[in-house]
Participant: 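For reference, the structure I am asking about is given below.
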Amino acid sequence: MNHVVSPLLQHFIGGTWQDSVSGDTFADVNPATGAVITHVAAGDARDVARAVAAAAEAFHEGPWARRGGAYRAPFLERIAQLMRAHAEELSWLETLDTGIPIRQTRGQIARAAENFRFFAARAREMTGATYPVPGFLNYSLRQPVGVAGLITPWNTPLMLESWKLAPCLAAGDPLVLKPAEWSPLTADRLAHLIAEAELPVGVFNLVHGYGETAGASLVAHPGVRLISFTGETSTGRTIMQNGANTLKRFSMELGGKSPVLVFDDADLERALDAALFGMFTLNGERCTAGSRLLVQDTVADRLVPELVRRVGRIRVGDPFDETTDLGPLIHPEHWERVMSYVALAPQEGARVAVGGRRPPHLPAGSYLEATVLTGVTPGMRVAREEIFGPVLAVMTFTDEAEAVALANEVDYGLAAYVWTSDVTRAHRVAEALEAGMVWVNSPNVRDLRTPFGGSKMSGMGREGGEWSFDFYTEWKSVQVALNPADIPRLGL
Ligand code: NAD
């Protein structure tokens, strides 16, 4: 079923829908066809200033920050309910906007709703801490920090937005969301659902626009205390520089080039299933994609030809087709960037073993075949840089030490996947890998309570469960003397 997209997406500021002060808009484009879907208000510093003022008023004057988690939880539950009730529409919009196959966006939307439900429960359970000692009562309170700026990317947009919005709201911080300019549809729809949930005015604000204008203004605004950012490492670096003057608190979820280590004692079939799923779902635009497959040389002759055969059978096509595995990339500019790496591979000495072309049956749209590069060596750019598309680099290793060294070679350290049936090696390798998250004999599944985030150039800080609350709340420590404590007397 087709749903309606409004011809102009506006900002949501202080409880009202608003055009940009400048009146400017930008076009939102369907990645499968190149057709314009709708136009979107292009915010700048003036729109951001209005939104921050609304959020600041909600923080200082309204009930949101002052009252506890038990007050806020029902609002989050209501948002989760509304998302579930509109799940089909939300996945339709997400597929239309991002080109992610509809079968996959359904899972993403369910997970996004679950984030609100999860953090509603956590809000109710939020506690402080006490440190009693004789003669003193010391305790610590978790308190909201202030106005938060949430800046999100275009890959799985609604899921990643929910990941920030839910804990931020649960913790009591009013916020301004700046979604990615290439994927504004579900943020707009979510804002309508949040409006329906009747949060106090100014608690949730949405400003659309480009990163360099709307995003940068949010980062520079002195009234914003925290910035939670997900996106490219280079953007994260710029944001931290621009936020330094106002000494903001940052959470940075950045890029990755995550390794999949397959040892010769692994269940090769399951390892292959997981490697294909982790790399070629979400159109290869997944931050935790296992984009470097490291195979022990003793099984490479068995594994790699089978990998190439199966990648050649991945169905590329219309993301609304229920049988599609891989849809179009988000935008023609991104298609060009991914293709530049495919072109670079043979120049660096690697081989395009399968894929690497626009599928002949799809002349329009940002489509690219699922692609495998073999003969990759660690110094190559295709082995080190994040391509963020359906392009898998394959390398081989001879022993465990080399596997770990290869895995840790790159600047990134987001996720890693280990396949082995040797239980001691599994733990040893997990310990040695420079990554924020390691999965052993497992695809990428994560309990919402566990810390999510990357090491090295993949990020700073952790989100998820308590870690989200650590970011979105301030600890305040209070010391109370129960007896007259000794006070050295000066100036008598
Ligand atoms: P991006 O960095 O280009 O943009 C992300 C957001 O930042 C967008 O909303 C953009 O408008 C905004 N932005 C851009 N310049 C800005 C500036 N100067 N000031 C403030 N905001 C600015 O990233 P993208 O291309 O949208 O997303 C893909 C990247 O995100 C990949 O590198 C991917 O690995 C990463 N990612 C990381 C995670 C994670 O959890 N670690 C999750 C998803 C995506």
Side-chain angles (χ1 to χ4, degrees), residues 26 28 31 40 42-45 48 97-98 100 108 111 149-164 176-184 186-187 206-221 224 227-244 246 248 250-258 279 282-291 329-331 333-338 385-389 410-415 435-437 444 446 451-464 467-468 471:
F26 62 90
D28 181 33
V40 187
D44 64 21
V48 166
D97 216 9
T98 63
I100 297 172
Q108 299 289 314
R111 179 82 163 175
L150 312 182
I151 303 178
T152 50
W154 46 259
N155 69 313
T156 61
L158 188 66
M159 213 282 288
L160 291 174
E161 280 148 19
S162 71
W163 205 333
K164 299 183 188 304
V176 181
L177 169 66
K178 206 303 280 172
E181 53 272 39
W182 285 351
S183 60
T186 45
L206 168 69
V207 175
H208 293 287
Y210 293 110
E212 296 72 15
T213 47
S217 307
L218 193 57
V219 172
H221 198 295
V224 175
I227 293 286
S228 176
F229 170 75
T230 299
E232 282 187 29
T233 296
S234 58
T235 314
R237 199 177 284 129
T238 306
I239 287 178
M240 288 190 69
Q241 283 162 357
N242 292 344
T246 45
K248 289 186 168 56
F250 293 110
S251 170
M252 291 277 154
E253 299 287 356
L254 309 175
K257 187 79 175 177
S258 301
M279 184 64 243
L282 306 184
N283 299 344
E285 297 163 335
R286 181 201 289 271
C287 56
T288 51
S291 51
L329 299 184
I330 184 79
H331 194 275
E333 265 177 46
H334 187 57
W335 188 91
E336 293 288 345
R337 187 181 148 188
V338 174
E385 297 180 15
E386 184 183 47
I387 300 176
F388 217 56
V410 298
D411 292 336
Y412 294 109
L414 189 54
M437 296 164 287
N444 179 328
R446 185 182 143 261
F452 183 102
S455 59
K456 304 201 296 190
M457 293 289 179
S458 288
M460 202 170 283
R462 294 293 182 268
E463 297 190 359
W467 287 269
S468 293
F471 178 70

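Quick caveat: nothing in here was measured; it's all calculated off a predicted structure. In listed order, ligands and their atoms are each counted from 1.
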Participant: So which protein heavy atom does atom 37 (C) of ligand 1 come closest to, and at what separation?
Facilitator: L254 O, 3.0 Å
Participant: W182 near ligand 1, heavy-atom distance under 4.0 Å?
Facilitator: no
Participant: Write out the residue and atom name of the closest protein heavy atom to atom 7 (O) of ligand 1, then the distance separating them to 0.1 Å.
Facilitator: F229 CE1, 3.2 Å
Participant: Can an N or O of K178 be found at a distance shorter than 3.5 Å from an N or O of ligand 1?
Facilitator: yes
Participant: Specify side chain, backbone, both or neither for L414, according to which of its non-hydrogen atoms lie closer than 4.0 Å to ligand 1.
Facilitator: side chain
Participant: Tell me which part of E181 gets within contact of ligand 1: side chain, backbone, both or neither, using heavy atoms under 4.0 Å.
Facilitator: side chain
Participant: If we only count N/O pairs under 3.5 Å, is N242 in contact with ligand 1?
Facilitator: no
Participant: Please check atom 4 (O) of ligand 1 for a protein heavy-atom neighbour under 4.0 Å.
Facilitator: no
Participant: With heavy atoms only and a cut-off of under 4.0 Å, state how I151 meets ligand 1: side chain, backbone, both or neither.
Facilitator: side chain
Participant: Is the gap between the ring centers of H334 and W154 under 6.0 Å?
Facilitator: yes
Participant: If you have a sec, work out which protein heavy atom is nearest atom 35 (C) of ligand 1 and how many Å separate them, to one decimal?
Facilitator: G231 O, 3.2 Å
Participant: Would you say G211 and ligand 1 have an N/O pair spaced under 3.5 Å apart?
Facilitator: yes
Participant: Do me a favour and list the nearest non-hydrogen protein atom to atom 44 (C) of ligand 1 with residue, atom name and distance?
Facilitator: N155 OD1, 3.2 Å
Participant: Measure the spacing between CD of E181 and NE2 of H331 and express it to the nearest 0.5 Å.
Facilitator: 9.0 Å
Participant: L282 versus Q108: any side-chain heavy-atom pair under 4.5 Å?
Facilitator: yes
Participant: If you have a sec, work out which protein heavy atom is nearest atom 6 (C) of ligand 1 and how many Å separate them, to one decimal?
Facilitator: T152 O, 3.4 Å
Participant: Using distance alone, determine whether E386 and ligand 1 share an N or O pair under 3.5 Å.
Facilitator: yes
Participant: Can you tell me how far apart NZ (K248) and CE (M240) are? Round to the nearest 0.5 Å.
Facilitator: 12.5 Å
Participant: Could you tell me the residue and atom name of the protein heavy atom closest to atom 27 (O) of ligand 1, and the distance to it rounded to 0.1 Å?
Facilitator: P153 CB, 3.2 Å
Participant: Examine ligand 1 and decide if any of its atoms is less than 4.0 Å from a heavy atom belonging to A216.
Facilitator: yes
Participant: Which heavy atom of the protein is the closest neighbour of atom 15 (N) of ligand 1, given with residue, atom name and distance?
Facilitator: T235 CG2, 3.3 Å
Participant: Under the side chain to side chain donor-acceptor pair (under 3.5 Å) criterion, do E463 and S228 qualify, and how do the steps go?
Facilitator: CA-CA 10 Å; E463 297 190 359; S228 176; 2.9 Å; yes
Participant: Has ligand 1 got any nitrogen or oxygen that is less than 3.5 angstrom from a nitrogen or oxygen of S458?
Facilitator: no
Participant: Do any nitrogen or oxygen atoms of E232 come within less than 3.5 Å of a nitrogen or oxygen of ligand 1?
Facilitator: yes
Participant: For atom 36 (N) of ligand 1, what's the nearest protein heavy-atom neighbour? Residue, atom name and distance, please.
Facilitator: C287 CB, 3.5 Å
Participant: Can you find a non-hydrogen atom of A214 under 4.0 Å from ligand 1?
Facilitator: no
Participant: Evaluate W154 for polar contact with ligand 1, using N/O atom pairs at a separation under 3.5 Å.
Facilitator: yes
